**Q** 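Please see the structure below; I have some questions.
Lettering follows sequence order; numbering is per chain, from 1. These figures come from a predicted structure and were not determined experimentally. Values below: all heavy atoms of this structure, side chains included; hydrogens, waters and symmetry mates excluded.
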Amino acid sequence: MDNQLVLYNTLTRKKEKFEPLHSPFVGMYVCGPTVYSDVHLGNCRTFVSFDLIFRYLQHLGYKVRYVRNITDAGHLEGDNDEGEDKFAKKAKLEKLEPMEIVQKYTLGFHEVLRLFNTLPPSIEPTATGHISEQIAMVQRIIEQGYAYVVNGTVYFDVEKYVKEYDYTILTNRKLEDMLNNTRELNGQDEKRGRLDFALWIKAKPEHIMRWPSPWGVGFPGWHIECSAMSSKYLGDQFDIHGGGMDLAATHHTNEIAQSQACNHTQPAKYWMHTNMLTVNGARMSKSAGNGFLPHELFSGNHPLLSRGYSPMAVRFFMLQAHYRSTLDFSNEALDAADKGFKRLMNAMALLPKLKATAKKAAFKVDELRQRCYAAMNDDFNSPVLIAELFEAVRIINSIHDGKLAVDEQSLADLKTLMQHFVHDILGLIDDNTGSDDFERLMEMIIALRNEAKLQKDYATSDRIREGLSAIGIQLKDSKEGTLWNKV
RNA sequence: GGUCGGGUGGCCGAGUGGCUAGGCAGAGGUCUGCAAAACCUUUUACAGCGGUUCGAAUCCGCUUCCGACCUCCA
């Protein structure tokens with residue numbers, strides 16, 4: 001754990017040395033999806049980014065407890081706690097029970113993240129499974145004097161809170177500005193302050209998802225679930241709290257307020273926020289309707305897409321940008337990433353075939369490894385890491401071509417390096433290989449072609465090559481024999 | 001309107017004061033029966049203007065354009 005990892009902390013707006021509260025244990029909480037519709041790609045980017053972080057922390061030897069919630073209750077349409085319940089609305093549309101909606105989209109979410117080769121979190125708690133914890137937390141906030149009850153709904157008292165705590169610590173906004181910019185609430189306003197938000201909401205008669213509470217039948221507010229579940233599984237104070245940047249201003253600001261009011265501690269030491277995925281420069285979002293669904297991207301079945309891209313190519317594409325930068329989506333950019341990814345995977349496939357050729361290698365694996373760690377230690381800079389790995393690709397290809405000397409130890413080190421950084425940390429695997437039968441079939445075809453070549457029957461050998469090319473299989477002749485890969 | 005973050009070569013995307021990532025695309029070469037792949041070499045940059053400095057893509061100021069948040073979204 002003696003490493004130089006630094007990460008950007010939204011709380012302080014600068015990079016800080018990573019020092020866990022209770023090393024080697026690390027607690028990390030990431031805000032998960034609200035499962036009332038298909039995950040779109042922007043969501044996936046956030047989860048891929050935190051997967052990279054999770055993987056790297058584990059690689060460094062930390063014992064990470066990664067908690068990522070499933071929001072399956074309490075999230076309302078629109079603002080001001082007066083909108084319709086998202087699950088109830090969707091349930092009506094699809095003529096299903098709200099929990100059927102939850103189940104359907106939770107399964108879909110898991111399937112997509114599996115395709116992206118993200119590791120499952122250590123704990124994946126649901127909001128509906130933690131109603132009593134949320135009620136207890138609301139109760140405690142009331143006891144501490146930071147919340148009030150109006151007609152069965154409990155509101156957080158921001159005005160009281162700001163007297164003792166910094167409400168805008170995460171975004172550095174000025175409170176007056178926020179007050180001036182908050183829209184007037186139309187009609188039946190129960191809140192005392194314009195910035196107050198609901199911790200527990202009284203259920204209207206038609207509301208389906210409802211639970212009894214000390215304040216009557218209702219359901220939890222959107223922000224309280226994360227505070228309740230993070231403190232349950234990670235303690236009142238833990239190391240990393242993450243989520244998309246769009247959550248910082250409202251959701252995370254309110255989470256901090258709730259936890260401070262309840263426990264009088266800042267819940268997380270480091271707050272990490274991932275940037276947005278954009279399409280033609282504009283944020284990909286559910287409401288803008290410019291989002292792709294993952295399966296549309298994989299199949300290419302979308303007006304904005306010229307073809308489909310494999311999940312691993314898309315993961316690679318995402319990791320080629322830093323998690324705090326916006327990433328713009330286009331066919332051109334995806335094509336470029338796809339080719340680069342295949343180049344990397346071809347080198348990975350070549351690696352086991354390499355043999356030591358000399359007593360001393362003509363390159364230094366140690367220096368390369370150090371640069372790889374330096375990249376990741378600098379706030380998980382995967383694009384720089386990938387640039388270093390392409391140096392390794394060049395080395396691997398040159399060894400294979402017989403143009404670069406390598407000794408046993410360097411070769412072994414190179415293999416370990418690639419295994420660690422490509423597979424374990426970046427989480428990239430070749431998703432385009434064939435089955436064993438397919439491999440044997442290709443061996444046979446290549447043998448037939450080589451026989452034809454030996455007999456200078458180029459008409460036949462070219463026919464085989466072109467025929468394979470037409471079905472997307474590329475042959476690569478070299479001194480070591482003929483290799484193939486899917487294009 | 002307020003707050004914040006950006007504008008890097010044909011495209012994507014790193015890089016915070018000098019040693020000018022990387023991928024894709026383009027050009028030339030080596031290899032090859034030819035090709036592909038691979039390898040080598042190579043062309044296009046730091047929005048504009050001014051300032052600080054021996055030296056700035058990198059720091060400061062102004063201008064301009066774009067985006068995010070402030071309202072559900074990762």
**Q** By the 4.0 Å heavy-atom rule, please label Ser478(A) as base, sugar-phosphate, or nothing.
**A** nothing
**Q** Looking at every strand, decide which applies to His273(A) at a 4.0 Å heavy-atom threshold: base, sugar-phosphate, or nothing.
**A** nothing
**Q** Measure OH/Tyr323(A) against C1'/G13(B) and give the value in whole Å, please.
**A** 17 Å
**Q** Sequence neighbours left out, cut at 3.5 Å: what donor-acceptor pairs do the side chains of residues 302-315 of chain A make with other protein atoms?
**A**
unit_1: His302(A); atom_1: ND1; unit_2: Leu304(A); atom_2: N; d: 3.1
unit_1: Ser306(A); atom_1: OG; unit_2: Asn331(A); atom_2: OD1; d: 3.1
unit_1: Arg307(A); atom_1: NE; unit_2: Asp335(A); atom_2: OD1; d: 3.0
unit_1: Arg307(A); atom_1: NH2; unit_2: Asp335(A); atom_2: OD1; d: 3.1
unit_1: Arg307(A); atom_1: NH2; unit_2: Asp338(A); atom_2: OD2; d: 2.9
unit_1: Tyr309(A); atom_1: OH; unit_2: Asn331(A); atom_2: O; d: 3.4
unit_1: Tyr309(A); atom_1: OH; unit_2: Asn331(A); atom_2: OD1; d: 3.4
unit_1: Tyr309(A); atom_1: OH; unit_2: Asp335(A); atom_2: OD1; d: 2.9
unit_1: Ser310(A); atom_1: OG; unit_2: Ala313(A); atom_2: N; d: 3.2
unit_1: Ser310(A); atom_1: OG; unit_2: Asp431(A); atom_2: OD2; d: 3.2
unit_1: Arg315(A); atom_1: NE; unit_2: Leu426(A); atom_2: O; d: 2.8
unit_1: Arg315(A); atom_1: NE; unit_2: Gly427(A); atom_2: O; d: 3.4
unit_1: Arg315(A); atom_1: NH1; unit_2: Asp51(A); atom_2: OD2; d: 3.0
unit_1: Arg315(A); atom_1: NH1; unit_2: Phe116(A); atom_2: O; d: 2.9
unit_1: Arg315(A); atom_1: NH1; unit_2: Asn117(A); atom_2: O; d: 3.3
unit_1: Arg315(A); atom_1: NH2; unit_2: Asp51(A); atom_2: OD2; d: 2.7
unit_1: Arg315(A); atom_1: NH2; unit_2: Leu426(A); atom_2: O; d: 2.9

**Q** Please round to the nearest 0.5 Å and tell me the distance separating atom CD1 of Ile473(A) and atom CG of Asn485(A).
**A** 9.5 Å
**Q** Does anything in residues 319-333 of chain A pair up under salt bridge (charged side-chain N to carboxylate O under 4.0 Å, His left out), and if so which pairs, sequence neighbours excluded?
**A** Arg324(A)-Asp379(A)
**Q** Expressed in whole Å, how much space separates the C1' atoms belonging to U42(B) and A25(B)?
**A** 14 Å
**Q** Looking at residues 109-123 of chain A, who's got a heavy atom less than 4.0 Å off RNA chain B?
**A** none
**Q** Quick one: list whatever passes side chain to side chain donor-acceptor pair (under 3.5 Å) with Thr106(A), sequence neighbours left out.
**A** none
**Q** Tell me if the aromatic rings of Trp271(A) and Tyr29(A) count as close, with their centers under 6.0 Å from one another.
**A** no
**Q** How far does the C1' atom of A45(B) sit from the matching atom of U8(B), given to the nearest Å?
**A** 6 Å
**Q** Is it the case that Lys342(A) places NZ or CZ above or below the six-membered ring of Phe316(A), under 6.0 angstrom from the centre and within 45 degrees of the axis?
**A** no
**Q** What residues form a ring-ring contact (aromatic ring centres under 6.0 Å, His included) with His420(A), not counting sequence neighbours?
**A** His59(A)
**Q** In dot-bracket form, how is RNA chain B paired, counting a Watson-Crick or G-U wobble pair only if both its distances are under 3.5 Å and using | for bases paired to another strand?
**A** ((((((((.[[[..)..(...]]].(((((.......)))))....[[[[[..)....]]]]])))))))....
**Q** So what does Ser469(A) hit on the nucleic acid, given a heavy-atom distance under 4.0 Å: a base, only sugar-phosphate, or nothing?
**A** nothing
**Q** Of His273(A), His241(A), His252(A), which is the lone residue that meets side-chain hydrogen bond (donor to acceptor under 3.5 Å, both in side chains) with Thr10(A)?
**A** His273(A)
**Q** Please determine whether a side-chain nitrogen or oxygen atom of Ser285(A) lies at a distance below 4.0 Å from atom OP1 or OP2 of C72(B).
**A** no
**Q** Kindly say if Arg394(A) contacts the phosphate of C40(B), meaning a side-chain N or O under 4.0 Å from OP1 or OP2.
**A** yes
**Q** List every contact pair, protein side and nucleotides 64-68 of chain B side both N or O, where the distance is under 3.5 Å.
**A**
none

**Q** Rounding to an integer number of angstrom, what distance separates C60(B) and U53(B) when you compare their C1' atoms?
**A** 12 Å
**Q** Please work out if Leu277(A) contacts a base, only the sugar-phosphate, or nothing of the nucleic acid, heavy-atom cut-off 4.0 Å.
**A** base
**Q** Remember a base hit wins even if backbone is also touched, and classify Asn485(A) as base, sugar-phosphate or nothing at under 4.0 Å, heavy atoms.
**A** nothing
**Q** How would you list, by chain and number, every residue that makes a side chain to side chain donor-acceptor pair (under 3.5 Å) with Asn450(A), sequence neighbours excluded?
**A** none
**Q** Applying a 4.0 Å non-hydrogen cut-off, can you work out what Leu475(A) is touching in the nucleic acid: base, sugar-phosphate, or nothing?
**A** base
**Q** Return yes if a side-chain donor-acceptor contact under 3.5 Å exists between Tyr167(A) and Asn254(A), otherwise no.
**A** yes
**Q** Kindly state which residues belonging to residues 43-52 of chain A come within less than 4.0 angstrom of RNA chain B, counting heavy atoms of the residue only, listed by number.
**A** Asn43(A), Thr46(A)
**Q** Is there a side-chain contact between Asn43(A) and Thr46(A), using heavy atoms and a 4.5 Å cut-off?
**A** no
**Q** If you check the Thr34(A) side chain, which of A38(B), A74(B), A37(B) turns out closest?
**A** A74(B)
**Q** Please give the distance between the P atoms of G55(B) and A37(B) as a whole number of Å.
**A** 47 Å
**Q** Enumerate all atom pairs, one protein N or O and one N or O from nucleotides 23-29 of chain B, separated by less than 3.5 Å.
**A**
unit_1: A25(B); atom_1: OP1; unit_2: Lys339(A); atom_2: NZ; d: 3.2

**Q** Just how far, in rounded Å, is P of U8(B) from CG of Asp328(A)?
**A** 11 Å
**Q** Is the closest basic N to carboxylate O distance between Asp366(A) and Arg371(A) below 4.0 Å?
**A** no
**Q** Any protein N or O atoms within reach of nucleotides 30-33 of chain B? Criterion: under 3.5 Å, listing atom names and distances.
**A**
unit_1: G33(B); atom_1: O6; unit_2: Ser461(A); atom_2: OG; d: 3.4
unit_1: G33(B); atom_1: N1; unit_2: Asp462(A); atom_2: OD1; d: 2.9
unit_1: G33(B); atom_1: N2; unit_2: Asp462(A); atom_2: OD2; d: 2.8

**Q** Angle between ring planes, Phe380(A) versus Tyr56(A), binned at 30° and 60°: parallel, tilted or perpendicular?
**A** perpendicular
**Q** Give me the distance, rounded to whole Å, that separates G50(B) from U20(B) when you measure between the P atoms they each carry.
**A** 27 Å
**Q** Could you work out which one of G13(B), C12(B), A38(B) sits closest to the side chain of Phe317(A)?
**A** C12(B)
**Q** Using a 4.0 Å heavy-atom cut-off, does Gly42(A) contact any base of the nucleic acid, only the sugar-phosphate backbone, or nothing at all?
**A** base
**Q** Considering only the P atoms, how many Å lie between A27(B) and U32(B), rounded to the nearest integer?
**A** 23 Å
**Q** Inspect the contact between Lys453(A) and Asp477(A) and indicate whether a charged nitrogen and a carboxylate oxygen are less than 4.0 angstrom apart.
**A** yes
**Q** In terms of the nearest nucleotide of RNA chain B, which residue is placed more toward the 5' end: Ser325(A) or Glu391(A)?
**A** Ser325(A)
**Q** To the closest 0.5 Å, what do you measure between CG (Leu475(A)) and CD (Glu466(A))?
**A** 10.5 Å
**Q** For Thr460(A), what residues pass the side chain to side chain donor-acceptor pair (under 3.5 Å) criterion, not counting sequence neighbours?
**A** Asp457(A)
**Q** For atom C1', what is the distance between A57(B) and C49(B), given to the nearest Å?
**A** 16 Å
**Q** Can you tell me if Asn381(A) touches the phosphate of G15(B), counting only side-chain N or O atoms and a distance under 4.0 Å to OP1 or OP2?
**A** yes
**Q** Looking only at side-chain atoms of Ala321(A), point me to the closest of A74(B), G13(B), C39(B).
**A** G13(B)
**Q** Kindly indicate whether a cation-pi arrangement holds for Arg68(A) with Phe50(A), taking the cut-offs as under 6.0 Å to the six-membered ring centre and within 45° of the axis.
**A** no
**Q** Which nucleotide in the list A38(B), G13(B), A36(B) gets nearest to the side chain of Gln474(A)?
**A** A36(B)
**Q** Can you tell me how far P in A21(B) sits from the matching atom in U41(B), rounded to whole Å?
**A** 14 Å
